[in-house]
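In what follows, a single structure is set out as structure tokens and then discussed.
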Amino acid sequence: MTLATPGTAARRPLAVLAAAGLTVALAAGCGSAKHVNGSNGGSGGGATVLNVGMPDGATLPANNNPFLDSSFAKKLGYTWLIWEPLAMSDEAKPDQDPKPWLAAKWDWSPDYSKVTLTVKDGVKWSDGTPLTADDVAYSFQIQKEHKEVNTYSLAITDVAVSGNQVTVSFDGSQYVNRTKILSTQVINKKQWSAMADPSKDTVANPVGTGPYTIKSTTPSTVTVTARDGYWNGAPKVKTINFTTYSSNDTMGAALTSGAAEWSYYFMSDAKTTFVAKDPAHFKLYFPAQLSADGLWFNTTKKPFDDPHLRRAMSMVINRDDIFNQGEAGYFKPKIESITGIPTPQGEPYIAPDFKGKAPEADVASAKKELTDNGYTYQGDKLIGKDGKPVTLTMTDPADWNDYQTDLAIIKDNLATIGIDATVDKANDDAWFDNIAKGDFDTALHWTNSGTTPYDMYQQIMDSAGVRPIGTAATENFGRFKNDEADAALKAYANATDDASRTAAMNNLEKIFVEQMPMIPTSAGNLGAEYSTKNWTGWPTAENAYAAPQPTRWGMLDIVLHLTPAS
């Protein structure tokens, strides 16, 4: 099982959190929260308790099932402290090889259709029994047998055990899924094979190989405590409180008071309302991931099926304003490449033709793109090829304030080339349904991420994900179809050497720039707000050993790096 990333209906809860832009007002009248289930620190002993918070609501389902998106464990992130991955990937540096974790090593077949995992010796479950190859095998077998827990829809064809090795076979090359596969959390076969529905059943007393066990649970807080006998050394953090806060306001108040020390959410004025409260200790670190947020088009509707219109629109969107105003100068990094690939993480993948080429607002060039390709003007109004004024509706949920500000900026930008845009502030559930079923003109939305830009492009351009209007899609929400893009995606996924992969990626970038099926505006992020007052050892831009978001797999590595500040 792997942690979901924004992009499909199955990943909706984290996607909502990642995109939501609820305004945070940390006024003096907000009050201050208190430490929950213990104090941070002790008499001369330094910190012993770490407090993690997320603004997911007043209460959450008291369930520790790592496959259930709405569970405490998944929402708050401690799933990774109980069920560990086979390998530890650094999402902040996607080009680096993962570190061995529960797998001591792994060997891929030349065509990447099979991986042989060697299980680490000396690892024990929290109930004292040894980790076995059967446990690792079952962690894949359960995905093969229950599609509800197969988060990445891995085409597993066979799982075999030989001594301390597990061989997992797939239908086709898994080059683009290598990190996802190695990030699989290993579950205890004895505990999970007894469940009727592993995707939903309550897991009250989880058995894991991780460094922590559950100490107590309340309607809003789960406390975990370091266990004896952990294979990777005793963590310095002895107790962690994971608390769900009722709103962004209460989450912000908890951060500034010190009741919470680690979180991930959007603050409309983070540098003033958070960092400035204690510049020495309150930190923001929001590295990009290889995914993009941007304006998706419903390409089944005219005139949005016209790449010339889409390209012209991209030419006038001001990414600086979106970053500085809509994303508060920190939350979603600015896209610096016309390919849509976030940098610096994606710099090695950018084709020579596009190196150093950034998207820039250029009204004159945009108008020329339009008038050279069948568009005209009546006064300051853009007239389409059908003789009608070009209008469009941009839609996103009303309470996603960063996206709403982004849309307001885009609306003004489009007016410079005569397009009359309307912003629809949608209901959350209706919006998700409409996007999936193709009932929209344009919308700000994110993409999937991966260790290469393939995942981003695949979700935008793969026609295999196209569904009829009215039928829910989980990718390619714009219903974009292009035979060359399909061929390039297939070539990249199935390439057997780096030169072939590079050629395919370069082709994907060329198609994307020419067709502009989605206008990239911001990079996806892997960030966090945290405090160094009680704990040191956090990842930073200078020491990016892990992505800091507390609900992703790197949080386990971070917790093991933390040491008391005094």
State, with a plain yes or no, whether a side-chain heavy atom of [X] is found less than 4.5 Å away from one of [Y].
| X | Y | answer |
| --- | --- | --- |
| Y403 | D406 | yes |
| K180 | S183 | no |
| I341 | Y457 | yes |
| K334 | I322 | no |
| R319 | I519 | yes |
| R479 | R467 | yes |
| T391 | T422 | no |
| S449 | D455 | no |

Does the [X] side chain pair with the main chain of [Y], one donor and one acceptor, at a distance under 3.5 Å?
| X | Y | value |
| --- | --- | --- |
| D171 | A155 | no |
| Q459 | N448 | yes |
| E336 | A358 | no |
| S263 | G53 | yes |
| Q345 | A288 | yes |
| D428 | P397 | no |
| Y349 | Y454 | no |
| D441 | T393 | yes |

- Quick one: list whatever passes side-chain hydrogen bond (donor to acceptor under 3.5 Å, both in side chains) with S89, sequence neighbours left out.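 Checked S89 against side-chain hydrogen bond (donor to acceptor under 3.5 Å, both in side chains); zero matches.
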Around [X], counting heavy atoms of other residues, nucleotides and ligands shown, do more than 12 lie under 6.0 Å from its [atom1]?
| X | atom1 | answer |
| --- | --- | --- |
| D320 | CG | yes |
| K510 | NZ | no |
| K388 | NZ | no |
| D386 | CG | yes |
| K283 | NZ | yes |
| K437 | NZ | no |
| E484 | CD | no |

- Message: Checking Q289 against R552 for the side-chain contact (heavy atoms from CB on, under 4.5 Å) test, could you report, in this order, the C-alpha distance in whole Å, the side-chain angles of both residues, the deciding distance, and whether it holds?
- Response: CA-CA 12 Å; Q289 63 179 342; R552 302 183 74 86; 4.0 Å; yes
- Message: Using side-chain contact (heavy atoms from CB on, under 4.5 Å), reason through K481 and T299 one step at a time and then give a plain yes or no.
- Response: CA-CA 9 Å; K481 294 182 180 180; T299 64; over 6 Å; no
- Item | Contact summary for I460 and F480, nearest pair of heavy atoms |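 It is O-CB, 3.9 Å.
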- Can you name the closest pair of heavy atoms from Q174 and L154 and give their distance?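 The answer is OE1-CD2, 4.0 Å.
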Quick check for you: to the nearest 0.5 Å, what is the distance between [X] atom [atom1] and [Y] atom [atom2]?
| X | Y | atom1 | atom2 | value |
| --- | --- | --- | --- | --- |
| T273 | M267 | OG1 | CE | 5.5 Å |
| R178 | T452 | CZ | OG1 | 7.5 Å |
| E509 | S337 | CD | OG | 7.0 Å |
| T371 | I383 | OG1 | CD1 | 13.5 Å |
| Y330 | Y285 | OH | OH | 15.5 Å |
| T521 | L407 | OG1 | CG | 9.0 Å |

- Task: Give the intermediate values and the outcome of side-chain contact (heavy atoms from CB on, under 4.5 Å) for residues Y265 and L255.
- Result: CA-CA 11 Å; Y265 72 111; L255 277 173; 3.7 Å; yes
Do [X] and [Y] meet the criterion of a side-chain donor-acceptor pair at a distance under 3.5 Å?
| X | Y | value |
| --- | --- | --- |
| N63 | S71 | no |
| T244 | S220 | no |
| E327 | S522 | no |

- Task: Specify whether W553 and W80 have parallel, tilted or perpendicular ring planes, treating 30° as the upper limit for parallel and 60° as the lower limit for perpendicular.
- Result: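 Aromatic pair W553/W80 classed perpendicular.
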- Query: Could you go step by step and tell me if F67 and H146 meet the side-chain contact (heavy atoms from CB on, under 4.5 Å) rule?
  - Reply: CA-CA 11 Å; F67 298 116; H146 298 270; over 6 Å; no
- Message: Check for me whether the distance between the ring centres of F331 and Y264 falls short of 6.0 Å.
- Response: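 Under 6.0 Å, so yes.
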- Task: Scan D69, N64, L68 and name whichever one has a side chain to side chain contact (heavy atoms under 4.5 Å, CB included) with K74.
- Result: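 The passing option is D69.
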For residues 360-368, run the donor-acceptor check on the side chains, cut-off 3.5 Å, and write out each pair with its distance to 0.1 Å, sequence neighbours left out.
unit_1 : atom_1 : unit_2 : atom_2 : d
D362   : OD1    : A364   : N      : 3.4
D362   : OD1    : S365   : N      : 3.1
D362   : OD1    : S365   : OG     : 3.3
D362   : OD2    : S365   : OG     : 2.6
K368   : NZ     : D372   : OD2    : 2.7

- Residue that, paired with W431, satisfies ring pair (Phe, Tyr, Trp, His ring centres under 6.0 Å) out of W400, F440, F477: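 Passing option: W400.
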- Message: Salt bridge or not between E514 and R311? Use side-chain N to carboxylate O under 4.0 Å.
- Response: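 No, no charged N to carboxylate O under 4.0 Å.
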